[in-house]
Asks: 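Pasting in a structure now, in structure tokens, and then I'll have a few things to ask.
Index from 1, following the sequence. Order of listing sets the numbers, starting from 1, for every ligand and every atom in it.
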Amino acid sequence: MLITVEDCWLQLVQGDITLQEVDAIANAANERLAGGGGVDGAIHRAAGPTLMEETSREYPDGCPTGEAVATSAGSLTAQFVFHTVGPVWRGGGAGEEQLLRGCYRSCLELAVDHELQSVAFPAISTGVFGYPIDLAAEASLDEVRQFLETHRRPSLVRFVLWSEGNFGAYARVLEEMVS
Ligand code: AR6
């Protein structure tokens, strides 16, 4: 599914983020940037050990929740990995939405700073961190749309949803958004 926002593309695909041919991919990391399971594990496995060497060297204090840091991307086709830390879902009253929005905004700011054309995102926080998928879809698609409306770049933002269910949830929200 693909829509335009100003002169940019906002796209949803189902698939594996490590295989995307884009300038940067976002990683759903933890505050220590210590690696882990889920998409974080997949990205580190596909990128190789240089990714962890670089995060440890450049960001020994990790990354706060809602923010993002950039590294190179090892063996991946992307040039950069943006490590961002989503909130753990605690019922919705602990600032989760603003923190999740912050993840997307921070990564898009890094993309603009590095003059990149394309960025791919997973559904941050919706796995181990337990953020409900429908609410995550609403917040993340709205934040990305607002960013593209304001900044008119990067040219392509792609959400890469791992499961059919997650793809469906994002597609429903995006359809609602354009109708
Ligand atoms: N490509 C795209 N999406 C994927 C892939 C993939 N290869 N693999 C999983 N997903 P999670 P979180 C989806 O748990 O909730 C880690 O241990 C998955 O279906 O990876 O932000 C970190 O180190 C889900 O919808 O991230 C942190 O400690 C989404 O990615 C913690 O988990 C996010 O699930 C972060 O938890």
Asks: A29 versus ligand 1: do any nitrogen or oxygen atoms come within less than 3.5 Å of each other?
Replies: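 For ligand 1, there is no N or O atom that lies under 3.5 Å from one belonging to A29.
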
Asks: Going only through I, L, V, M, F, W and Y residues with side-chain contacts under 4.5 Å, is there a path from Y59 to V85?
Replies: no

Asks: Among protein heavy atoms, which lies nearest atom 14 (O) of ligand 1, and at what distance?
Replies: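 Atom 14 (O) of ligand 1 sits closest to the protein heavy atom V128 N, 2.9 Å.
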
Asks: Around atom 15 (O) of ligand 1, find the nearest protein heavy atom and jot down its residue, atom name and distance.
Replies: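 Result: G127 N, 2.8 Å.
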
Asks: State plainly whether one hydrophobic cluster holds both Y170 and F167, where clusters connect Ile, Leu, Val, Met, Phe, Trp and Tyr through side-chain heavy atoms under 4.5 angstrom apart.
Replies: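 In one cluster with Y170: F167, yes.
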
Asks: Tell me: protein heavy atom nearest atom 28 (O) of ligand 1, and distance?
Replies: N30 ND2, 3.3 Å

Asks: Any side-chain to backbone donor/acceptor pair from S125 onto P87? Under 3.5 Å, distance only.
Replies: yes

Asks: Report the residues that fulfil side chain to side chain donor-acceptor pair (under 3.5 Å) with S75, sequence neighbours left out, ordered by chain and then residue number.
Replies: none

Asks: How close does the nearest protein non-hydrogen atom get to atom 9 (C) of ligand 1, and which residue and atom is it?
Replies: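 Nearest neighbour among protein heavy atoms for atom 9 (C) of ligand 1, to 0.1 Å: V39 N, 3.7 Å.
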
Asks: Can you pull out the closest protein heavy atom to atom 26 (O) of ligand 1? Residue, atom name and distance to 0.1 Å, please.
Replies: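 So the nearest neighbour among protein heavy atoms is A28 CB, 3.7 Å.
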
Asks: With atoms numbered from 1 as shown, which atoms in ligand 1 lie under 4.0 angstrom from a non-hydrogen atom of D16?
Replies: 1 (N), 6 (C), 7 (N)

Asks: Could you give me the CA-CA distance, side-chain angles and deciding distance for V160 and F121, then say whether side-chain contact (heavy atoms from CB on, under 4.5 Å) is met?
Replies: CA-CA 6 Å; V160 183; F121 285 103; over 6 Å; no

Asks: Return the option from T84, D40, L161 holding the heavy atom at the smallest distance from atom 22 (C) of ligand 1.
Replies: D40

Asks: Is the count of non-hydrogen atoms from other residues, nucleotides or ligands lying under 6.0 Å from W89 atom CH2 greater than 12?
Replies: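 Atom CH2 in W89 is packed in, count exceeds 12.
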
Asks: Taking the minimum heavy-atom distance to atom 36 (O) of ligand 1, which of W162, F159, F129 ranks first?
Replies: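 Looking at heavy atoms only, F129 sits closest to atom 36 (O) of ligand 1.
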
Asks: From the options G38, G86, A34, S125, select the one whose nearest heavy atom is closest to atom 21 (O) of ligand 1.
Replies: S125

Asks: Short question: side chain of H114, backbone of L110 - any donor-acceptor pair under 3.5 Å?
Replies: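 Looks like yes, one N/O pair under 3.5 Å.
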
Asks: Is the CD atom of E31 crowded by more than 12 outside heavy atoms at less than 6.0 Å?
Replies: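 Yes, because the 6.0 Å sphere around CD of E31 holds more than 12 heavy atoms from other groups.
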
Asks: With heavy-atom distances below 4.0 Å as the criterion, list the atoms of ligand 1 near G35.
Replies: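 Numbered from 1, ligand 1 contributes 23 (O).
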
Asks: Between R101 and E97, is the closest basic N to carboxylate O distance under 4.0 Å?
Replies: yes

Asks: In ligand 1, which numbered atoms sit nearer than 4.0 Å to a non-hydrogen atom of G37?
Replies: 16 (C), 17 (O)

Asks: Which atoms of ligand 1 sit under 4.0 Å from any heavy atom of G36?
Replies: 17 (O), 23 (O)

Asks: For atom 29 (C) of ligand 1, find the nearest protein heavy atom and state the residue, atom name and distance (0.1 Å precision).
Replies: A123 O, 3.3 Å

Asks: Whether the side chain of T126 engages the backbone of Y131 through a donor-acceptor N/O pair (distance < 3.5 Å, no angle test) should be reported.
Replies: no

Asks: Would I17 count as being in polar contact with ligand 1, using the rule that some N or O on each side must be under 3.5 angstrom apart?
Replies: yes

Asks: Starting from atom 24 (C) of ligand 1, which protein heavy atom do you reach first, and at what distance in Å?
Replies: T126 OG1, 3.3 Å

Asks: Is the count of non-hydrogen atoms from other residues, nucleotides or ligands lying under 6.0 Å from D7 atom CG greater than 12?
Replies: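 No, CG of D7 has 12 or fewer neighbouring heavy atoms, counting only those of other groups under 6.0 Å.
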
Asks: Checking contacts here: is it the side chain or the backbone of I133 that comes within 4.0 Å of ligand 1, counting heavy atoms only? Could be both or neither.
Replies: neither

